[in-house]
Amino acid sequence: MSPVLEPMTYDELGEQYRIEMKNTSLSQPRRDLFRAMANLLISLRQEYDRQMSIDPDSIMAEGAEQRKKKAERTCKDIITLRTKKICNMAILGARGANVAIENLTDEEREYYDGILELSKRHMVEVDRLRGKKVTTGTRIDEPPLRDRIIEPVPAKVEEPVQEPAIDPNDEFGPLDDEPFDEEPFYDPQEMVQEPEPVPEAEPVQNIEPEPVREPENGSGTEPDGGMEPILIRILEDLPAFAGPDRDYSLSKEDVVTLPKVLADVLVNTEKATVIRPTP
């Protein structure tokens with residue numbers, strides 16, 4: 001860890017906390033941030049011990065204790081805020097994003113490299129569990145980049161291109177040596193498919209309808225299928241509905257004649273009442 005460039009004050013620590021709270025991205029700190037915060041906590045601890053040795057019950061001792069505790073809590077909050085931002089940067093870097101790391105201190109750079117490596121391995125965990133082969137572009141026996149000897153690539157000498165001889169009697173010009181791709185030959189007779197035979201339809205048998213039996217008297221069924229007209233009065237607005245012969249749109253206080261099958265439904269649901277004409 002690099003030494004402290006200059007001592008950090010108590011007010012400077014609070015300003016650094018406010019900057020980290022205000023910005024969503026990682027701010028540019030002093031390069032010796034961690035060592036400076038550590039030295040500040042040491043000095044505040046020494047000041048507290050000195051005031052306690054003078055008078056433990058004095059206001060100075062109580063104030064020194066409060067400053068020491070608040071500085072410790074502020075340092076933890078600063079580290080927590082910056083650590084969350086560094087983790088987000090490492091996740092973006094693991095997904096291939098171009099992340100700027102110039103705002104990291106030396107301690108944070110070491111932490112970022114470790115999280116970045118773990119994030120890369122964690123990103124392919126599903127592929128590993130499903131059996132997909134995960135490959136990298138680096139061989140096991142490949143030396144590190146700093147140990148590689150890069151040999152200069154010799155310049156490529158272009159050979160002169162020999163143009164084919166042109167026959168003046170050939171109206172199509174010279175042909176290339178490479179054969180051209182011929183289109184496949186299709187026989188029109190092979191492409192025509194014979195239609196599949198359609199199965200013969202079975203003859204339709206004449207089925208005589210069963211005779212309709214009229215209901216016997218006293219069986220409880222309506223002789224006209226419930227289409228007897230009934231005069232009713234609508235008690236509330238009703239949505240439009242379809243009847244056996246037409247559509248209906250009824251409002252409150254409407255007096256209409258409906259088939260008995262519809263009138264019974266409205267009367268039973270208390271949406272209408274039967275009007276019985278006086279003799």
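Sequential numbering from 1 along the given sequence is applied to the chain's residues. No hydrogens, no waters, no symmetry mates; every other heavy atom, side chains included, goes into these values. Values in this document were obtained by computation on a predicted structure and should not be read as measured data.
- With respect to the salt-bridge test (charged N to carboxylate O, under 4.0 angstrom), the residues D77 and R73 do not qualify.
- In the hydrophobic clustering of ILVMFWY residues, with side-chain heavy atoms under 4.5 Å counting as a link, L44 and I78 come out together.
- Side-chain contact check for S27 versus E20: some heavy-atom pair is nearer than 4.5 Å.
- Between S119 and I91, the shortest heavy-atom distance links the atoms OG-CG1, 4.3 Å.
- Side chain of D254 to backbone of S251: a donor-acceptor contact under 3.5 angstrom is found.
- Annotation: side chain of S43 is in contact with side chain of L40 (closest heavy-atom distance under 4.5 Å).
- No more than 12 heavy atoms of other residues, nucleotides or ligands lie within 6.0 Å of CE in M21, so this atom counts as exposed by the packing criterion.
- Other residues, nucleotides and ligands place no more than 12 heavy atoms under 6.0 Å from the CD1 atom of I59.
- Scanning all heavy atoms of the two residues, the minimum distance from R233 to I275 falls at CB-CD1, 3.6 Å.
- A salt bridge is absent between R35 and E107; no separation between the charged side-chain nitrogens and carboxylate oxygens falls under 4.0 Å.
- Taking the ring centre of Y48 as origin, the terminal cationic atom of R67 falls outside the region bounded by 6.0 Å and 45° from the ring axis.
- Ionic pairing of R18 and E15 is present here: one or more N-O contacts between side-chain nitrogen and carboxylate oxygen are shorter than 4.0 angstrom.
- Put simply, the side chain of E228 does not reach to within 4.5 Å of the side chain of P259, judged on heavy atoms.
- K76 has no carboxylate O lying under 4.0 Å from a charged side-chain N of E72, or vice versa, which leaves the two without a salt bridge.
- For E253, the CD atom counts as densely surrounded, since its 6.0 Å shell holds more than 12 non-hydrogen atoms of other residues, nucleotides or ligands.
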I would like to know whether V274 and L231 meet side chain to side chain contact (heavy atoms under 4.5 Å, CB included); could you show each step before the answer? CA-CA 6 Å; V274 178; L231 183 64; over 6 Å; no

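- There is no path of hydrophobic side-chain contacts, each under 4.5 Å, that joins L235 to V256.
- Taking all atoms of both residues into account, the shortest heavy-atom contact from D106 to R31 is OD1-NH2, 4.0 Å.
- Hydrophobic clustering of Ile, Leu, Val, Met, Phe, Trp and Tyr side chains at less than 4.5 Å, counting indirect connections, unites L238 with Y248.
- To the nearest 0.5 Å, atom CZ of residue R121 and atom CG of residue L116 are 11.0 Å apart.
- In this structure, N88 CG and T24 OG1 are separated by 10.0 Å, a value rounded to the nearest 0.5 Å.
- Taking each heavy atom of L104 and E108 in turn, the nearest pair found is CA-OE1, 3.6 Å.
- Separating the CD1 atom in I230 from the OG1 atom in T257 is a distance of 9.0 Å, to the nearest 0.5 Å.
- At a threshold of 4.5 Å between non-hydrogen side-chain atoms, the residues L13 and C75 count as touching.
- The distance from the CG atom of L129 to the CD atom of E125 is 4.5 Å, given to the nearest 0.5 Å.
- By the criterion of side-chain heavy atoms lying less than 4.5 angstrom apart, applied directly or through intervening Ile, Leu, Val, Met, Phe, Trp or Tyr residues, L81 is not grouped with M89; the two fall into different hydrophobic clusters.
- Scanning all heavy atoms of the two residues, the minimum distance from N103 to L26 falls at ND2-O, 3.0 Å.
- Between E117 and K120 there is no salt bridge, since no side-chain N of the basic residue sits under 4.0 Å from a carboxylate O of the acidic one.
- The side-chain heavy atoms of R45 and D49, taken from C-beta on, include a pair separated by under 4.5 Å.
- Here the shortest heavy-atom pairing between A272 and I234 reads CB-CD1, 4.1 Å.
- The closest side-chain donor-acceptor pair between Q51 and E47 falls under 3.5 angstrom.
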Between K68 and E65, is a salt bridge (Lys or Arg N to Asp or Glu O under 4.0 Å) present by the stated rule, with each step listed? CA-CA 5 Å; K68 177 181 70 68; E65 182 182 12; 6.0 Å; no

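- Side chain to side chain, E62 and Q66 fail the donor-acceptor criterion of an N or O pair below 3.5 Å.
- At least one side-chain heavy atom of M8 sits under 4.5 Å from a side-chain heavy atom of R30.
- Between K260 and D264, some side-chain heavy-atom pair lies under the 4.5 Å cut-off.
- In the hydrophobic cluster analysis, where Ile, Leu, Val, Met, Phe, Trp and Tyr join through side-chain heavy atoms closer than 4.5 angstrom, L92 is grouped apart from V124.
- Few gaps surround CD on E236; more than 12 heavy atoms of other groups in view lie less than 6.0 Å from it.
- Here the NZ atom belonging to K69 is positioned 14.0 Å from the CG atom belonging to L41, to the nearest 0.5 angstrom.
- Side-chain contact check for L250 versus D237: every heavy-atom pair is 4.5 Å or farther apart.
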